[in-house]
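Proteins come first, then strands; the chains are lettered A, B, ... in the order of their sequence lines, and each starts at number 1.
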Amino acid sequence: MTTSAARTRVGRWRPGMIRPMCPTPGAEVVRTRFAPSPSGHLHVGGARTALFNWAFAKHHGGVFMLRIEDTDQRRSSEAAGLAFLADLAWLGIDWDEGPEFEGRGGGSAGPYFQSQRLDLYAREIERLIAGGHAYRAFETPDELEAKRQAARTANVPYRYDRAALAVSDRDAATWLSEGRPHVVRLRVPDDREIVVQDQVLGEVRIPPGELDDFVIRKADGFPTYHFAVVVDDEAMGVTHVLRAQEHLYNTPRHVLLQDALGYRRPVYGHLPLIFNADGSKMSKRDRDRALRAAVRDRGVTGARSIPAELFRTWLSENERQLDLDSAVALAEELGVELPEINVDDFRRAGYLPGVLVNYLSLLGWSPGGDIEKFSMSFLVERFSLDRIGRSNARFDREKLKAFNLDAIQGMGSGSFEAALRGHAAAFHPAFLARLDDAGFRLFATANHERCRTLEEPFRLCQFLVIADDAIVYGADRAVRKALGADPETLVRAAHDALASAASWDAESIAAALALCAAQHAEGKLGKVAQPIRVAVTGTTVSPPIDVTLVMLGRASTLARLRRFLEHLPAITQQATA
RNA sequence: GGCCCCAUCGUCUAGUCAGGUCCAGGACACCAGGUUUUCAUCCUGGGAACAGGGGUUCGAAUCCCCUUGGGGUCACCA
């Protein structure tokens, strides 16, 4: 494969030019698709691919489809499920055709599961065989592996040797009638250069002889990915294929197949890949890797949230993955932030769907100029293939977080509260049980200006859902500093002042504490607030002290202050140790 | 290793296709001050890049070539 010397982007269109696929307006409706294999939750990389296909279709008033590529019987039997449908819906990426899900999907080009389209593939394969474009091959996987091995040893590139073509018709017929397992291979012309016009990368040329006769039907009768994709894209009228660059080398195969089958050729665009901040591949194993590192780093030997047996095997077997709930629990226990890789992880971590979409669209696309914060409708309005970048991008969680903060700060108090309530219902029901409506509203206001994610308020305010007699006091330097020289006097004074406060609201509490500060701390509120904060939360961080106490309620506050005083000798000893 | 793709601050990028307005703009991160009862915010300022080498041109981040570096792919996975 070589790139043309002048990287002419033939077919790339610019404003004012006529689009190659739309010679006259309305002549052809743009149809794009996202075609994942059923593998549980949606990966951010997949989300970006889906987003671009969606945005492109919407920009042209076209149709965005979803198709499930479940032609791997082995993998599909693992019942990974279709959780990614909910992930797409959460992001606001709605599909016009595809599997039905909460009002989305349906359509006349279905079924949208490849495992239900086997008849079509069988018909098309027979057509290829009859036309001499494809042939049966009876080698076993072991035989092929031996040939590959031999090629490796000889240090030559492996290509299928077409041994099946040397088999006599009589033998082949006999084997076929015996029911001998076989695959079907495409007969790849080896005298033809293949040229692909990629809308992102430009012209890509593949010299003759680079591709071998690849398998299009497996021994189990299922089509391979290459075959199913090509047949379905034609049958479903797909006009544009946007997919990750890892598929670039598949495109010549698909072009060959289209030619052999007499199909039209969709427009292709290959998107740059997304990597972790450290340049490693984003993988679902990242989560377990981070947890193992933390466990080893701290010399932890067990976990409350995981059975000992499981913990041991998980720790020693690097391939082993914890289920999501266990991983989250362990992370909480260790105080580790889990690396997010699936869309669902980001939701759990408290990111707004619009922010994720915004950030994701910037990975490989740009509206140009200095614009980088925008809505989905802006994306639809401005999206175009000629603004897609060609080099791989790294996922920067800090920038995402900064965007999320900005979006949260920009929300009205009502919608922020609603969003926080939704997050609580999904992930922190204990807070809804603990706080009444007014309490939750206060919780929302107290956290609105200080949180970067919807998750942070719940972490910051753990003290709300811990029993009064279960507060654990920290023993670090921050706690020591917060307690100051004489916490006993201050906390005792605060207790008495708060006990006799006229009412339990922020104003009265602030007034009572200001008085304490005036009497015992030279008027410095911080000197009073910090010991109290430690006393009622166990930590040095919480919303402003008056709000913290209002949320907690008078009874809990006083009980915690008393308990703190009882435990004070042990606490100070521990903190100075 | 073969084949292919890519290359602007630490990161995402604008600028590249139509060479001059770019001693390169923005954002995140970072550093230094400031505001703040903790934390997070917030405000002000700062450092920070055209991978290297050859060409073409009056002129190159922009066009060409080479080198280097990064990535993808080489399955009866998708």
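If you check every strand for non-hydrogen atoms under 4.0 Å, A:S391 touches sugar and phosphate atoms only. When heavy atoms are screened at a 4.0 angstrom cut-off, A:L273 is found touching the sugar-phosphate backbone but no base atom. Residue A:G364 is classed as a sugar-phosphate contact, given heavy-atom separations below 4.0 Å to backbone atoms only. Note on A:F214: nothing from the nucleic acid sits closer than 4.0 angstrom, heavy atoms only. Residue A:E456 is out of contact with every strand shown, counting any heavy-atom pair closer than 4.0 Å. A:N392 comes within 4.0 angstrom of the backbone, heavy atoms only, and of no base.
Comparing the same atom, C1', in B:U8 and in B:A60 gives a spacing of 14 Å after rounding to whole Å. One C1' atom belongs to B:G45, the other to B:U38, and the distance between them is 27 Å to the nearest Å. A gap of 13 Å separates the P atoms of B:C42 and B:A27, to the nearest Å. Annotation: B:C43 and B:A48 have their P atoms spaced 24 Å apart (nearest Å). Remark: the separation of the C1' atoms in B:C76 and B:G71 is 28 Å, to the nearest Å. Annotation: B:C50 and B:G25 have their C1' atoms spaced 13 Å apart (nearest Å).
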Could you run down nucleotides 73-78 of chain B 5' to 3' and tag each one B, S or - for protein heavy-atom contact under 4.0 Å? S-SBBB
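Taking the ring centre of A:W175 as origin, the terminal cationic atom of A:R180 falls inside the region bounded by 6.0 Å and 45° from the ring axis. Seen from the ring of A:Y160, A:R162 does not count as a face-on cation partner, given the 6.0 Å and 45° thresholds. In this structure, A:K147 is not positioned above the aromatic face of A:Y158 in the sense of NZ or CZ being under 6.0 Å from the six-membered ring centre and within 45° of the axis.
Following rounding to the nearest Å, A:L248 (CG) and B:G71 (P) show an atom-to-atom distance of 17 Å. In this entry the distance linking CG of A:L513 with C1' of B:U38 reads 14 Å, nearest Å.
No side-chain donor from either of A:N342 and A:D87 sits under 3.5 Å from a side-chain acceptor of the other. Defined by atom type and a distance below 3.5 Å, a donor-acceptor pair is missing between the side-chain atoms of A:D386 and A:Q199.
The phosphate of B:U37 has neither OP1 nor OP2 within less than 4.0 Å of any side-chain N or O from A:R450.
At least one donor-acceptor pair closer than 3.5 Å links the side chain of A:R185 to the backbone N or O of A:D213.
Map A:A529 and A:G368 each onto its nearest nucleotide of RNA chain B; the residue landing nearer the 5' end is A:G368.
Checked for salt-bridge contact, A:R136 and A:E126 meet the test: a charged N lies under 4.0 Å from a carboxylate O.
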Could I get a table of every N or O pair under 3.5 Å where one atom is in the protein and the other is in nucleotides 25-31 of chain B?
residue, atom, partner, partner atom, Å
B:A27, O4', A:E372, OE2, 2.7
B:A27, O2', A:E372, OE2, 2.4
B:A27, N3, A:K399, NZ, 2.9
B:C28, O2', A:K399, N, 3.1

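Judged by distance alone, with hydrogens and angles left aside, A:R394 brings no side-chain donor or acceptor close enough to the base of B:C12 to form a pair under 3.5 Å.
Taking the six-membered ring for Trp, A:F403 and A:Y351 have ring centres at least 6.0 Å apart.
B:A7 and B:U68 make up a base pair, with Watson-Crick or G-U wobble contacts both under 3.5 Å. B:G1: Watson-Crick or G-U partner is B:C74, with both key distances under 3.5 Å.
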Does the pair A:D278 and A:R394 meet the rule for a salt bridge (Lys or Arg N to Asp or Glu O under 4.0 Å), with working shown? CA-CA 8 Å; A:D278 65 2; A:R394 295 179 184 213; over 6 Å; no
